[in-house]
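Before any comments, here is the structure.
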2 protein chains.
Amino acid sequence: MEPFGGAPASSAREAVYWRLRERILSLELPPGAALSEKDMSLAFQVSRTPVRESFVRLAQEGLVQVLPQRGTFVSLIDTEHALEARFMREQLERAVVRLACESFPAESLAALDTNLMAQRSSLESRDEKRMFDLDEEFHRTIFAGCRKLNTWNVLQQMKTHLNRTRHLALSPDRDWNHLYDQHRAIADAIRRQDADEAESVMRDHLNLTVTDLHELKRKHPHYFK
Amino acid sequence: MEPFGGAPASSAREAVYWRLRERILSLELPPGAALSEKDMSLAFQVSRTPVRESFVRLAQEGLVQVLPQRGTFVSLIDTEHALEARFMREQLERAVVRLACESFPAESLAALDTNLMAQRSSLESRDEKRMFDLDEEFHRTIFAGCRKLNTWNVLQQMKTHLNRTRHLALSPDRDWNHLYDQHRAIADAIRRQDADEAESVMRDHLNLTVTDLHELKRKHPHYFK
DNA sequence: ACTACCATACTACCATACAAGTATGGCAGC
DNA sequence: GCTGCCATACTTGTATGGTAGTATGGTAGT
């Protein structure tokens, strides 16, 4: 089997789930699009059963909406939900970086330094994709050092709605240099155990990348709830 | 159909899901217990399909663990996960109550007052169950007034692991009088827009009800991971 | 007594058939 | 032309049979 490639699949259900999730988050399947168990089972060359079970998972994450006897649709982007995801992230990142200033394992601090060097490198080579991944990894490392990885994972799941808006954003070319400087400042503050400074920089850092959701909603009204 | 009652069910899948969830959270199905599609379908008088789909949902919530070709088991309580749920709740409640002090609709404030009166009433009648529900409702009202209901719902889901420990706890008879006083103090602080006071009381309030998870783990080692 | 093997009885996974509710297009009647 | 009804082609929901992998207990061989 496995007529399609590139998905981390141990079973047909997992394969379908991850493929659908990827297509939804990338807007390849836009909000409001009709999915159908039959069509998907044909497209993925599996029976309706694993497709249905993927729908159950996606519905629980709020990525699709199942209307009994009517159809299954990619859910519209919930602006309120996305805004609250942003709120939760800011509050929790600020709290965690304060924790990091109280106690942070040396190896995690070293990981931050290694990450920063890699950031500098990809900054020079203008590798935006890599810069983006290193950004995520940087923040994740802080959570890991505070033994708050479950919290990080919850945030990741909350961000799904927000992630879909990224592909809509006018992509105002983030100022990666500034982001890098802030990352350095955060790592330094953790090393100096300066909680106030760390939290302050983190707050500014997170508010630097916000996109105007209401403007996006105005530009793409049919994608939003 | 519907040979069992008391479950909010529009479909067999929903019915099985809620019934199972309830039994897991109440420890009627203890951590580690083996479930099986066949047994559950017999017990609930439905086919294996809705049972399987319930398992998918429960697995995504972390309440059960599906081992392919081996079995499905009620997951052990993850102490780390429960502790982080507590952490997230404290941080977010503190942040939200600060928000409430900046701006809070009059009707929500009235709802808090009404709730407090009901608390006083159930305090005198020693109605612990009702007191517990009013406690939840009080906190939920604060989130609602700040338009952070999604955040509240995320917290509720995070708390599932923590909820299972409540039935294990030696139930040291909460000091409902003290909790009531704190609720009053929080509502007053919101009314006076005193953010520092509100956050401070909220912090103490949340830390009042913590149970020692590590001691529970020592007493019931086979229930924990 | 101990070990390796194998039949058997499980398990979850998947495909398929059937049931039941819903939207839609055409047609009869007005 | 317009309205109401109904056949039909959808949709998801449920039941069931077969497949493949896994744990287990008994047995033959050492």
Side-chain angles (χ1 to χ4, degrees), chain A residues 1-5 7-21 24 29-76, chain B residues 1-5 7-21 23-24 29-76 222:
Chain A
M1 197 163 281
E2 302 289 331
F4 43 85
S10 56
S11 67
R13 180 175 69 212
E14 289 287 298
V16 172
Y17 169 75
W18 287 109
R19 293 277 293 179
L20 279 178
R21 182 188 166 86
I24 292 173
L29 289 170
L35 307 177
S36 114
E37 296 177 0
K38 187 154 170 279
D39 291 349
M40 291 302 122
S41 66
L42 286 176
F44 290 118
Q45 292 286 329
V46 296
S47 79
R48 279 180 48 212
T49 304
V51 174
R52 270 184 67 78
E53 293 171 357
S54 297
F55 282 4
V56 170
R57 290 187 64 178
L58 293 168
Q60 183 137 351
E61 290 184 80
L63 289 178
V64 308
Q65 189 172 8
V66 178
L67 305 181
Q69 270 65 354
R70 292 159 59 91
T72 300
F73 305 88
V74 178
S75 26
L76 301 179
Chain B
M1 196 164 279
E2 301 288 333
F4 42 86
S10 56
S11 67
R13 178 174 73 211
E14 288 288 298
V16 172
Y17 168 74
W18 287 107
R19 292 278 293 178
L20 279 177
R21 182 188 166 87
R23 292 194 184 184
I24 291 173
L29 289 170
L35 309 177
S36 106
E37 296 177 2
K38 189 156 167 273
D39 291 350
M40 291 303 121
S41 67
L42 286 176
F44 290 118
Q45 293 286 332
V46 297
S47 79
R48 303 197 317 269
T49 304
V51 174
R52 269 182 66 77
E53 293 174 356
S54 297
F55 284 2
V56 170
R57 289 187 66 176
L58 293 168
Q60 182 137 347
E61 289 185 80
L63 288 178
V64 308
Q65 189 172 9
V66 179
L67 305 179
Q69 270 62 344
R70 288 157 58 91
T72 301
F73 305 89
V74 178
S75 37
L76 301 178
H222 45 293

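Lettering follows sequence order; numbering is per chain, from 1.
Among all heavy-atom pairs drawn from B:F73 and B:G32, the shortest one is CD2-O, 3.8 Å. Contact record, B:S75 with B:G62: OG-O, 2.5 Å, taken as the closest heavy-atom pair. Listed here is the closest heavy atom pair of B:A12 and B:V46: CB-CG1, 4.0 Å. Counting all heavy atoms, side chain and backbone alike, B:R19 lies closest to B:F44 at CB-CE2, 3.7 Å.
Contacts of A:S41 with the nucleic acid, taken as non-hydrogen atoms under 4.0 Å apart, are absent. A:T49 comes within contact range of at least one nucleobase, with a heavy-atom separation under 4.0 Å. Residue contacts for A:R13: at a heavy-atom cut-off of 4.0 Å it reaches the sugar-phosphate backbone alone, with no base atom in range.
Counting heavy atoms from C-beta on, the side chains of A:M40 and A:T72 never come closer than 4.5 Å.
The only member of A:L20, A:V66, A:L35 that meets side chain to side chain contact (heavy atoms under 4.5 Å, CB included) when paired with A:L58 is A:L20.
With rounding to whole Å, A:R48 atom CZ is found 18 Å from D:dG17 atom P. Rounded to a whole Å, the CD atom of B:E14 is 13 Å from the C1' atom of D:dT12. As a whole-Å value, the separation of B:E37 CD from C:dC10 C1' is 12 Å. In this structure, B:Y17 atom OH and D:dG13 atom C1' are separated by 19 Å, rounded to whole Å. Rounded to an integer number of Å, the gap from B:E53 CD to D:dT14 C1' is 9 Å. Between the CD atom of B:Q69 and the C1' atom of C:dC14 there is a distance of 10 Å, given to the nearest Å. Taking atom CZ on A:F55 and atom C1' on D:dT12, their separation rounds to 10 Å, with Å as the unit. Distance B:F73 CZ to C:dT11 P: 10 Å, rounded to the nearest Å.
Checking the phosphate oxygens (OP1, OP2) of C:dC13, no side-chain nitrogen or oxygen of A:S11 falls inside 4.0 Å. Side-chain nitrogen and oxygen atoms of B:R52 include at least one within less than 4.0 Å of the OP1 or OP2 phosphate oxygen of C:dC13. For C:dT11, neither phosphate oxygen OP1 nor OP2 lies less than 4.0 angstrom from any side-chain nitrogen or oxygen of B:T72. For C:dT16, the OP1/OP2 oxygens have no side-chain nitrogen or oxygen of A:S47 closer than 4.0 Å.
Sequence order on DNA chain C of the closest nucleotides to A:P50 and B:P68 puts B:P68 first from the 5' end.
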For DNA chain D, what is the dot-bracket line, given that a base pair needs Watson-Crick (N1 to N3, plus N6-O4 or O6-N4) or G-U wobble (N1-O2 and O6-N3) geometry with both distances under 3.5 Å, and | means paired with another strand? ||||||||||||||||||||||||||||||
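A salt bridge is defined here as a Lys NZ or Arg NE, NH1 or NH2 lying under 4.0 Å from an Asp or Glu carboxylate O, and A:R57 with A:E14 meets this definition.
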